[in-house]
Structures are given as C-alpha cells and as structure tokens.
**Student:** 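Structure below; questions to follow.
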Amino acid sequence: GQQVMQIPQYQHVQEGEDFTTYCNSSTTLSNIQWYKQRPGGHPVFLIQLVKSGEVKKQKRLTFQFGEAKKNSSLHITATQTTDVGTYFCAGSGGSNYKLTFGKGTLLTVNP
Amino acid sequence: DTAVSQTPKYLVTQMGNDKSIKCEQNLGHDTMYWYKQDSKKFLKIMFSYNNKELIINETVPNRFSPKSPDKAHLNLHINSLELGDSAVYFCASSHRLAGTVFDEQFFGPGTRLTVL
C-alpha cells in the first residue's frame with residue numbers, strides 16, 4: 001500500500017533559525033497536503049499542492065512538490081516560538097480515496 | 001461556531017466496557033473520517049464515509065463500529081475496550097473524497113480515550 005515517509009522525526013532550533021521537513025511517497029501522488037498540530041491540539045490544514053514542481057509560499061513558509069509528484073518539503077524561514085508543533089505531510093493517490101499521513105516532524109523552538 | 005465537534009473530549013473507562021464517541025460537522029461536507037492518533041503522534045485512518053456510505057474500513061477490529069445517521073454526523077462505537085485502544089481519536093470532514101479536488105480535511109478537537 002501507499003506509504004509516506006517524513007523526516008526528521010524531531011527538530012529543535014533556536015529562534016530565528018530555518019527549519020525544513022521532508023516527505024517522500026512510495027507512489028506517485030495526486031496531491032499532497034500539509035497540516036500543523038500544536039501541542040494538545042488538532043491537525044490544522046495549511047496548504048495543498050497539486051501540480052508537478054509546484055512551489056507555494058505563505059509568509060515565512062515555503063512548500064514544494066517534486067517534479068515526479070513523489071516528494072515534498074516544507075521550509076520555514078526564521079522560526080518563531082509560534083511555529084512550535086508537529087508538521088504532517090499527507091498524500092493521496094487518487095483512486096483509493098485515502099489521505100496517508102507521514103509520521104510528522106515535531107518542531108521545538110528555543111527563544 | 002465550531003466546524004467539527006466531538007464529544008466527549010475525555011473518556012476514561014475500564015477494560016471490557018463499551019463506549020461511543022460522537023462527531024458532528026456543520027460545514028456541509030459530504031465526507032467524514034475517523035482517525036486514531038497513538039502516543040507517538042502517528043495519525044492513522046480508520047474509517048471514511050461519503051454521503052452516509054462507508055468508503056474506507058482500514059483493517060480495524062470489528063469491535064469498532066462507525067455509524068453515520070446523516071451526512072453531518074459520524075459516530076464511533078467501541079465494544080469490549082482493550083488497553084491498546086487508548087489513544088486520541090479525531091473526527092474529520094472534507095468537502096469531497098480524499099484524492100479529489102476540495103479534499104482538505106477539517107479536524108475536530110479530538111477525544112482522548114484512556115482504557116484502564
């Protein structure tokens with residue numbers, strides 16, 4: 001079945017440093033989504049990427065979808081303490097109507 | 001207005017008991033889901049329903065029985081609870097089925113189930 005791998009599992013940074021999490025799928029994806037879960041909270045949708053090679057930005061966050069539509073990344077520039085949380089990528093292969101989540105990257109930020 | 005709501009927020013019970021978790025969405029979405037998040041934060045799909053029809057049953061023990069009385073509600077009943085069922089259960093909804101357009105998912109606040 002479809003598998004979505006995400007690395008790193010944990011990342012601790014000093015405030016102001018950059019952060020990147022990577023996602024790889026065992027199969028070609030129809031789209032990839034990113035979610036953020038604050039400690040004690042629920043996953044919240046950030047963005048969806050659909051096109052091969054797509055790049056989208058949300059303020060300090062940059063999302064990329066690979067040319068082969070099998071990998072993706074989320075980059076945060078100049079992290080802030082409000083960025084703390086677990087970031088999940090989630091991919092769907094289309095025909096199985098299922099969103100498969102990566103295991104997430106827990107980001108902690110030292111002020 | 002809460003988009004996706006779940007009750008209860010916390011559930012502490014003994015092994016062997018039967019319990020239910022309720023979920024409601026007021027977004028007008030066609031599709032609803034149940035996810036289990038274990039202590040390592042891994043989010044695993046359990047069930048999905050589209051217009052009250054079961055679409056995904058992800059090798060979940062048959063002690064778990066979802067019920068969708070209408071498009072806005074998806075409840076989860078668990079029989080004979082076991083220690084390994086302890087987790088946070090999230091309900092979610094999306095406009096359309098995953099893998100289609102408009103499939104971003106909106107999650108409820110979660111129900112933390114502890115089985116003693």
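Here the structure is a predicted model, which means the values were calculated and not measured. Side chains are part of it too, since the values below use all heavy atoms of this structure and drop only hydrogens, waters and symmetry mates. Below, chains carry the letters A, B, ... as their sequence lines are ordered, and counting in each starts from 1.
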**Student:** Could you tell me whether A/Arg38 atom CZ has more than 12 heavy atoms of other residues or ligands within 6.0 Å of it?
**Tutor:** no
**Student:** Take atom CZ of A/Phe45 as the centre, draw a 6.0 Å sphere, and report whether it contains more than 12 heavy atoms from other residues, nucleotides or ligands.
**Tutor:** yes
**Student:** Would you give the length of the straight line joining atom CD of B/Gln105 to atom OH of A/Tyr35, rounded to the nearest 0.5 angstrom?
**Tutor:** 4.5 Å
**Student:** Please tabulate, for the side chains in residues 99-111 of chain A, all donor-acceptor contacts under 3.5 angstrom to protein atoms that are two or more places apart in sequence or on a different chain.
**Tutor:**
| from | atom 1 | to | atom 2 | distance (Å) |
| --- | --- | --- | --- | --- |
| A/Thr100 | OG1 | A/Gln2 | NE2 | 3.3 |
| A/Thr105 | OG1 | A/Pro8 | O | 2.5 |
| A/Thr105 | OG1 | A/Thr21 | OG1 | 2.8 |
| A/Thr108 | OG1 | A/His12 | ND1 | 2.7 |
| A/Asn110 | ND2 | A/Gln14 | OE1 | 2.9 |

**Student:** If I measure from the heavy atoms of chain A, does B/Leu43 come under 4.5 Å with its side chain, its backbone, both, or neither?
**Tutor:** both
**Student:** Minimum heavy-atom separation for B/Phe90 and A/Gly41, please, with both atom names.
**Tutor:** CZ-O, 3.7 Å
**Student:** Which answer fits A/Gln37, side chain, backbone, both or neither, if we ask what part of it has an atom under 4.5 Å from a heavy atom of chain B?
**Tutor:** side chain
**Student:** Near B/Lys22 NZ, under 6.0 Å, is it more than 12 heavy atoms from other residues, nucleotides or ligands?
**Tutor:** no
**Student:** What part of B/Phe106 gets closer than 4.5 Å to chain A, counting heavy atoms only: side chain, backbone, both or neither?
**Tutor:** neither
**Student:** Between B/Arg112, B/Lys44, B/Gln37, which has the largest tally of heavy atom pairs under 4.5 Å with chain A?
**Tutor:** B/Gln37
**Student:** For atom CE of A/Met5, is the number of surrounding heavy atoms from other residues, nucleotides or ligands below 6.0 Å larger than 12?
**Tutor:** yes
**Student:** Determine the minimum heavy-atom distance between B/Glu58 and A/Lys98, stating which atoms define it.
**Tutor:** OE2-NZ, 2.6 Å
**Student:** Mind checking whether B/Tyr33 and A/Val44 sit in one hydrophobic cluster, side chains of I, L, V, M, F, W, Y counted as touching below 4.5 Å?
**Tutor:** no
**Student:** Please step through side chain to side chain contact (heavy atoms under 4.5 Å, CB included) for the pair A/His42 and B/Val88, ending with a clear verdict.
**Tutor:** CA-CA 10 Å; A/His42 58 276; B/Val88 179; over 6 Å; no
